[in-house]
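Reminder, nothing fancy here: chain letters follow the sequence lines and each chain counts from 1.
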Number of protein chains: 2
Amino acid sequence: MTDPRVRLNQMIAKLQAYNFRITPQSLAVLKILAASLDHPSVERIYEQVKAVFPTTSLATVYKTINLLKEVKEVLEVRVSAGNRFDGNRPFPHPHVICLKCKKIIDPDLSGIQELTEEAAQKTGYRITEHCLDFFGICPDCQAEE
Amino acid sequence: MTDPRVRLNQMIAKLQAYNFRITPQSLAVLKILAASLDHPSVERIYEQVKAVFPTTSLATVYKTINLLKEVKEVLEVRVSAGNRFDGNRPFPHPHVICLKCKKIIDPDLSGIQELTEEAAQKTGYRITEHCLDFFGICPDCQAEE
DNA sequence: GTATGTGCAAAGAGTTTGCAGGGTA
DNA sequence: TACCCTGCAAACTCTTTGCACATAC
């Protein structure tokens, strides 16, 4: 993973470049996302922020995440169990998601670039983003069966 | 695409195998999904069903789609602009989605099987499904720019 | 100092559920 | 005939919005 401090500075720099202000509350959200290894949900981020700033509202968390989405400093992983976020790697990358415990990990896969080019060539679309998620059962949940 | 009549019969057979009943309303939903080339939204399906059965409720459309999801006879495409459905090809396959007009098309891509195996091998997950969606601008919307 | 972010509550969108009545197998 | 499906309305979840106040720059 990228060093969370480096990611945090990148996020701050990007937000400031867009003239968004950094506040203690939004900074707390940034810190959590910059260090996220576990793709937290909005609710989870909210709980962690409240541990530091108990008066923080859920709306503020949503607003901050939306700013980050706008400047492409966070990646939203859309899953039916509730969306999750990755602020450490804010660019498209594959996920492997456990259908039982909802654990998400990031494998390094080769060949996505080629696949994207193939899709662009065959459809004529100018492709800017992608989403590649695998679903299944993680080793821990397999062991429990 | 698969012949809509063939798909319709497959859907009916699968639902009956699970002891679900076929009604005029649910049949109307099945017919639309079996012939879907354009990945309709729930709202769109609802409108088309109402054209035939004006008293149909949105809840019935949702319930029927959920049955089909349960027996894996429809594929849900999760997009932020509102989820869309494919009843003609109810198995995982790639989509190319236009960010402007929301048009969705299905390219034939090679290499997804290999990528799935690579992901399974590197993570230890037993992978059963995947979701591969590309986002960009379609040729029509590019021409308008 | 001024525009922007915060916190609260209410509104909004999308989806699900409970129940009474009607229709399928 | 018995049970399931429908249609309606209410509930529910997730997310956004409006407004008064606080605060970063």
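Listed nucleotides dT23(D), dG7(D), dT15(D) differ in distance to R21(A); the shortest reach to its side chain belongs to dT23(D). Across dT15(C), dT15(D), dG5(C), the shortest atom-to-atom separation from the side chain of F20(A) is found for dG5(C). Distances from the side chain of S26(B) to the nucleotides dT6(D), dT17(C), dC25(D) place dT6(D) closest. When the nucleotides dG23(C), dT6(D), dG14(C) are ranked by their closest atom to the side chain of Y62(B), dG14(C) comes out on top.
In summary, E145(B) and R126(A) engage in a salt bridge, as defined by a charged side-chain N under 4.0 Å from a carboxylate O. At a threshold of 4.0 Å, the pair E43(A)-R84(A) does not count as salt-bridged, since none of the basic side-chain nitrogens sits closer than that to a carboxylate oxygen. A salt bridge links E73(B) and R7(B); the closest N-O separation between the charged side-chain nitrogens and carboxylate oxygens is under 4.0 Å. Contact check on R89(B) versus D106(B) returns a salt bridge, with a Lys/Arg side-chain nitrogen under 4.0 Å from an Asp/Glu carboxylate oxygen. Using a cutoff of 4.0 Å between basic side-chain nitrogens and carboxylate oxygens, K103(A) and D140(A) are scored as salt-bridged.
Residue I65(B) contributes atom CD1, which lies 16 Å from atom P of dC5(D) at whole-angstrom precision. Atom C1' of nucleotide dT6(C) and atom CG of L27(A) are separated by 15 Å, given to the nearest angstrom. The OH-C1' distance, from Y18(A) to dT4(C), rounds to 18 Å in whole Å. Atom CD1 of I22(B) and atom C1' of dG23(C) are 14 Å apart (whole Å). Following rounding to the nearest Å, L67(B) (CG) and dC5(D) (C1') show an atom-to-atom distance of 9 Å. The distance between atom CD of E70(A) and atom P of dT4(C), rounded to the nearest whole Å, is 13 Å. Following rounding to the nearest Å, R84(A) (CZ) and dT15(D) (P) show an atom-to-atom distance of 13 Å.
Checking the phosphate oxygens (OP1, OP2) of dG5(C), no side-chain nitrogen or oxygen of Q25(A) falls inside 4.0 Å. At the phosphate of dT15(C), neither OP1 nor OP2 sits under 4.0 Å from any side-chain N or O atom of N66(B). For the OP1/OP2 pair of dG14(C) and a distance below 4.0 Å, the side-chain nitrogens and oxygens of N83(B) include no atom meeting the criterion. Of the side-chain N and O atoms in T23(B), none sit less than 4.0 angstrom from OP1 or OP2 of dT24(C).
Every ring pair (Phe, Tyr, Trp, His ring centres under 6.0 Å) that H95(B) has, sequence neighbours left out, goes to H39(B), H93(B).
Along DNA chain C, the nucleotide nearest Q16(B) and the nucleotide nearest A81(B) are compared for position; the residue whose nucleotide lies closer to the 5' end is A81(B). The residue among P24(B) and L58(B) whose nearest nucleotide of DNA chain C lies closer to the 5′ end is L58(B).
V52(B) and V29(B) end up in different hydrophobic clusters when Ile, Leu, Val, Met, Phe, Trp and Tyr side chains are linked at under 4.5 Å. I12(B) and I45(B) fall within the same hydrophobic cluster, where Ile, Leu, Val, Met, Phe, Trp and Tyr residues are linked whenever their side-chain heavy atoms come under 4.5 Å apart, directly or through other members.
Residues from residues 40-57 of chain B lying near DNA chain D, meaning a heavy-atom separation below 4.0 Å, are T55(B), T56(B), S57(B) in numerical order.
Nucleic acid contact class of N19(B) (heavy atoms, under 4.0 Å, all strands): none.
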